[in-house]
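Comments concern the structure below.
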Amino acid sequence: MLKTCGIPTEEELASRIPPKDRRKKGPVVMIECFQKIPCNPCFTACKRGAIQKFEDINDLPSIDFDKCNGCGLCISKCPGLAIFVIDETYSEDEATVSLPFEFLPLPREGEEVDLLDRSGKKVGRGRVLKVRNGKYEDRTPVITVTVPKGLSMVVRNIRVGGDLR
Ligand code: SF4
Ligand code: SF4
């Protein structure tokens, strides 16, 4: 599935989802990287050692979720836009998703946006909490958006503006 349409299967995703117990403790990374390519900037970006050392440059990232504090510093460093941070502890009925966003216009903090799934289908509306777009992000802004709690593993993109429905 991934190779033909770019969308991972449920089975592929299952191996990448942080354990439920860890998700209950606060923000945590989810790395949706499935293809063995010579790439490791996620490893060099993580100063907490949560992304384990690559034995081979073609390895897939291996995560120690207990070392990850959800800082999100790895998100903008992934050329595959494959890294997200999920916070299921944000509120009673909302989670947050932090995602890389390389489109224009950028959303403004506080703005409502469409929430999209991995296929680009609209699944709801959310509110932009934070836009990180500094020197560190180096033209890969990182957007943090609220999502209904049940969609924390579904929302992986946003559309600025939207149809307000
Ligand atoms: S979110 Fe922060 S702590 Fe977690 S893997 Fe990324 S850089 Fe490391
Ligand atoms: S930087 Fe992104 S594409 Fe490269 S290995 Fe890490 S997660 Fe995969």
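Sequential numbering from 1 along the given sequence is applied to the chain's residues. What you are looking at is a predicted structure, and each value in this text was computed from that prediction instead of being measured.
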Any idea which heavy atoms bring [X] and [Y] closest together, and the distance?
X     : Y     : result
Pro8  : Leu13 : CG-CD2, 3.8 Å
Asn69 : Cys71 : OD1-N, 3.0 Å
Val85 : Gly70 : CG1-O, 3.6 Å
Asn58 : Pro38 : OD1-N, 3.1 Å

Looking at Lys36 and Asp59, is any side-chain nitrogen of the basic one under 4.0 Å from a carboxylate oxygen of the acidic one? no

Under a 4.0 Å threshold between the charged nitrogen and the carboxylate oxygen, would Asp93 count as salt-bridged to Lys149?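 No, no charged N to carboxylate O under 4.0 Å.
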
Could you check whether any side-chain heavy atom of [X] comes within less than 4.5 Å of a side-chain heavy atom of [Y], counting everything from C-beta outward?
X      : Y      : result
Phe54  : Ser62  : no
Pro100 : Ser76  : no
Ile31  : Ile63  : yes
Glu102 : Arg139 : no
Lys135 : Glu137 : no
Pro27  : Tyr90  : no

Atom pair [atom1]/[atom2] of [X] and [Y] - distance to nearest 0.5 Å:
X      : Y     : atom1 : atom2 : answer
Ile158 : Leu99 : CD1   : CG    : 6.0 Å
Phe34  : Leu60 : CZ    : CG    : 9.0 Å
Asn157 : Leu81 : CG    : CG    : 9.0 Å

Are [X] and [Y] connected in the hydrophobic side-chain network, where two residues link if heavy atoms are under 4.5 Å apart?
X      : Y      : answer
Leu151 : Val145 : yes
Val155 : Val131 : yes
Phe65  : Ile83  : yes
Met30  : Ile75  : no
Val160 : Leu115 : yes

Between Ile86 and Met153, is a side-chain contact (heavy atoms from CB on, under 4.5 Å) present by the stated rule, with each step listed? CA-CA 8 Å; Ile86 316 300; Met153 291 298 152; 4.1 Å; yes

So does Glu10 have more than 12 non-hydrogen atoms from other groups sitting under 6.0 Å from CD? no

Under 6.0 Å from the OH atom of Tyr136, do we count more than 12 heavy atoms belonging to anything else shown?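 For Tyr136, atom OH is crowded (more than 12 foreign heavy atoms under 6.0 Å).
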
If only side-chain N and O atoms count, and only distance matters, is there a donor-acceptor pair under 3.5 Å linking Thr9 with Glu12? yes

Looking just at side-chain N and O atoms, do Ser98 and Thr144 make a donor-acceptor pair shorter than 3.5 Å?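 There is such a pair (donor and acceptor under 3.5 Å, judged by atom type) between the side chains of Ser98 and Thr144.
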
Output, in order, the C-alpha distance, side-chain angles, deciding distance and verdict of side-chain contact (heavy atoms from CB on, under 4.5 Å) for Lys122 and Arg159. CA-CA 9 Å; Lys122 178 179 172 180; Arg159 179 167 51 218; 3.8 Å; yes

What pairs of residues pass the side-chain hydrogen bond (donor to acceptor under 3.5 Å, both in side chains) test when at least one of them lies in residues 16-32, not counting sequence neighbours? Arg23-Glu88, Glu32-Arg118, Glu32-Arg156

Under the criterion side-chain contact (heavy atoms from CB on, under 4.5 Å), I'd like the reasoning laid out for Val29 against Phe84: C-alpha separation, chi angles, the key distance, then a yes or no. CA-CA 6 Å; Val29 76; Phe84 306 87; over 6 Å; no

Donor-acceptor contacts, no H, no angles, side chain residues 40-53, under 3.5 Å, sequence neighbours left out:
from	atom 1	to	atom 2	distance (Å)
Thr44	OG1	Pro41	O	3.1
Lys47	NZ	Thr44	O	2.7
Arg48	NE	Lys67	O	2.8

For the backbone of Ser91 and the side chain of Glu94, can you confirm whether one donor and one acceptor N or O come within less than 3.5 Å of each other?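 Pair absent, no side-chain N/O of Glu94 close to backbone of Ser91.
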
Given Asp114, which of Lys121, Arg125, Arg127 fulfils the salt bridge (Lys or Arg N to Asp or Glu O under 4.0 Å) condition?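 Between Asp114 and the candidates, salt bridge (Lys or Arg N to Asp or Glu O under 4.0 Å) is satisfied uniquely by Arg125.
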
